[in-house]
Amino acid sequence: MPELPEVETIVRGLRAAVVGRRILGVRFGKTDFVAEPAVIAERLPGSRIASVERYGKFIFLVLEPAASEGARCYFFIHLGMTGQIIPRTSGSPIAPHTHVFFELDDGRELRYTDIRRFGQMMLVPESAMEAFRTKLGPDPLEITETDFLALFRARTARVKALLLDQSVLRGMGNIYADESLWRARLHPARIAANLKSAQLVALHRAVRKVLEDAIRLRGSSISDFLDAEGQPGEYQLHHRVYDHAGKPCPRCKTTIRRIVVAGRGSYFCPRCQAPPRKTSRPPHKRRSAPK
DNA sequence: CTTACGGCCTGGGTGC
DNA sequence: TGCACCCAGGCCGTAA
């Protein structure tokens, strides 16, 4: 569920709520999405939350060790599709699918809830941070126009697949890819290398505009996004095409369609966003019948 | 190297 | 009411 604007909203909320707090203990429910839970349960207690940051769709807590000895470390949380992380008073009712509890020194606990458990948690030592960072592409809000164009120039993948690829740009997801492509009037299945510079410039601007507007409205709440205060966002009220199949395009009134591109439901206006002229890719192989 | 696709997990909605 | 099926904001491993 959460893409860059939702994660940014959560990070801002967590900053206000938990920076400066000390972690007293960690308790787990299911741990199949946690890297080395035993190490986490041993290392985190006693540490102080020095800051909360976003890196693409990852949230990370910068943790200072209890005493002067020990190195600071970085605790990464990825929310996957259905993850939520919200501070609650200890003893308050526990939502179903809550699997991690970080007990704080002020009588509250940070709770991690994740229905589908597509999220991730891991402790990253300082020495591994550089390797971690370089696996992801630039931030779509920071990249220059020149660098943005260079990302798409020599790529034969569909433009939407590249927008969703975190090693190309960090933070875009399915909603904001579709909304950006609509603004830029580009069909999601267009081959990136076939796009003109002006079209890529338009895409860069669209991405920035969509993400900035979405952050301003505290993200999109489709079914279960809640920020760190447990509040929904409002950008879903401003979606132009996402989940709008059958509704009129806000620009030209043509009926919005849903197709599958890069394995994801993709919403677009068949008139504003002209399909690729001719597929230069090999014809679709017919799937053989299962078994 | 690059691209495409099934799988992971649970729940909500739809149609029979 | 039940059941089968499809869909969901993400990403990883594997195959071609």
Side-chain angles (χ1 to χ4, degrees), chain A residues 1-10 29-35 55-59 76-85 95-99 112-122 132 135-137 151-180 188-194 210-211 214-215 217-227 232-239 241-246 258-267 279-288 290-291:
Chain A
M1 67 180 308
E3 308 180 28
L4 188 154
E6 291 76 34
V7 177
E8 179 65 27
T9 300
I10 289 166
K30 291 184 180 176
T31 57
D32 53 354
F33 60 97
V34 182
Y55 195 78
K57 295 177 197 170
F58 285 90
I59 298 165
F76 281 80
I77 300 165
H78 194 295
L79 302 171
M81 293 274 253
T82 52
Q84 298 177 355
I85 185 149
H97 305 287
T98 301
H99 295 298
Y112 180 78
T113 304
D114 190 346
I115 295 172
R116 294 172 75 181
R117 302 199 308 284
F118 285 177
Q120 285 177 254
M121 283 189 193
M122 64 190 128
F132 180 88
K135 279 190 283 194
L136 299 179
L151 293 178
F152 296 86
R153 275 274 163 262
R155 303 294 298 263
T156 59
R158 303 167 184 132
V159 62
K160 174 152 176 182
L162 293 178
L163 287 175
L164 293 177
D165 184 338
Q166 303 298 295
S167 71
V168 174
L169 285 171
R170 69 174 116 104
M172 296 290 294
N174 204 35
I175 293 176
Y176 300 106
D178 280 2
E179 294 296 317
S180 299
R190 293 289 301 271
I191 303 301
N194 294 345
V210 165
L211 294 177
I215 289 172
L217 292 176
R218 307 171 60 79
S220 302
S221 292
I222 299 300
S223 63
D224 43 22
F225 166 66
L226 296 177
D227 66 18
E234 288 180 5
Y235 192 71
Q236 69 280 5
L237 304 174
H238 296 257
H239 291 174
V241 288
Y242 181 79
D243 204 19
H244 280 203
R258 177 188 181 276
I259 58 173
V260 174
V261 177
R264 312 295 299 278
S266 299
Y267 300 88
T279 312
S280 55
R281 303 175 327 106
H284 263 201
K285 274 185 288 212
R286 288 187 59 79
R287 288 189 51 195
S288 49
K291 203 126 36 111

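Worth saying up front: this structure is predicted, and the values here are computed from it rather than measured. Reminder, nothing fancy here: chain letters follow the sequence lines and each chain counts from 1. Atom set for the values below is all heavy atoms of this structure, side chains included, hydrogens, waters and symmetry mates excluded.
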What's the CG-C1' distance between A:D114 and B:dT10, to the nearest Å?
10 Å
A:R155, nearest nucleotide to its side chain (from C:dG10, B:dT2, B:dG11)
B:dT2
Looking at A:T82, I'd like to know whether one of its side-chain N or O atoms comes within less than 4.0 Å of OP1 or OP2 on B:dC9.
no
Out of B:dT2, C:dA8, C:dG9, which nucleotide sits closest to the side chain of A:N174?
C:dG9
For A:H78 and C:dC11, is the shortest distance between a side-chain N/O and OP1 or OP2 below 4.0 Å?
yes
Would you please determine if the base of C:dC11 is stacked by A:F118, with stacking meaning a centroid separation under 5.5 angstrom and planes under 30 degrees?
no
Partner lookup for C:dG9, please. Criteria are Watson-Crick or G-U wobble with both distances under 3.5 angstrom; report none if nothing qualifies.
none
Between B:dG11 and A:H97, is there an OP1 or OP2 to side-chain N/O distance shorter than 4.0 Å?
yes
Select base, sugar-phosphate, or nothing to describe what A:K30 touches, counting heavy atoms under 4.0 Å on all strands.
sugar-phosphate
Tell me which nucleotide among B:dT2, C:dG10, B:dG11 gets nearest to the side chain of A:E3.
C:dG10
Per ring-ring contact (aromatic ring centres under 6.0 Å, His included), A:H78 is matched among A:F58, A:F33, A:F132, A:F118 by A:F58
Nearest to the A:I115 side chain among B:dT10, B:dT2, C:dA8, which nucleotide is it?
B:dT10
Examine C:dG9: is either OP1 or OP2 under 4.0 Å from a nitrogen or oxygen in the side chain of A:K57? Give yes or no.
no
Taking only side-chain N and O atoms of A:R116, does any of them lie within less than 4.0 angstrom of OP1 or OP2 on B:dG11?
no
Looking at A:K160, I'd like to know whether one of its side-chain N or O atoms comes within less than 4.0 Å of OP1 or OP2 on B:dA4.
no
Is the closest side-chain heavy-atom distance between A:L217 and A:L237 below 4.5 Å?
no
Give a yes/no answer on whether the side chain of A:R258 brings an N or O atom under 4.0 Å of OP1 or OP2 in C:dA8.
yes
Near-ring test A:Y235/A:Y242, centroid separation under 6.0 angstrom
no
Under 4.0 Å from OP1 or OP2 of C:dC11: is there any side-chain N or O of A:Q166 that close?
yes
Name the pairing partner of C:dC3, where a pair is Watson-Crick or G-U wobble with both distances under 3.5 Å, or state none.
B:dG15
A:L162 CG - B:dT2 P separation (whole Å):
11 Å
Identify whether any heavy atom of A:G219 sits under 4.0 Å from a base atom; if not, whether one sits that close to sugar-phosphate; answer base, sugar-phosphate or nothing.
nothing
Could you state the CD-P distance from A:Q84 to C:dG9, rounded to the nearest angstrom?
16 Å
Any side-chain N or O of A:Y242 less than 4.0 Å from the OP1 or OP2 oxygen of C:dG9?
yes
Quantified in whole Å, what is the P atom distance between nucleotide B:dC9 and nucleotide C:dT14?
16 Å
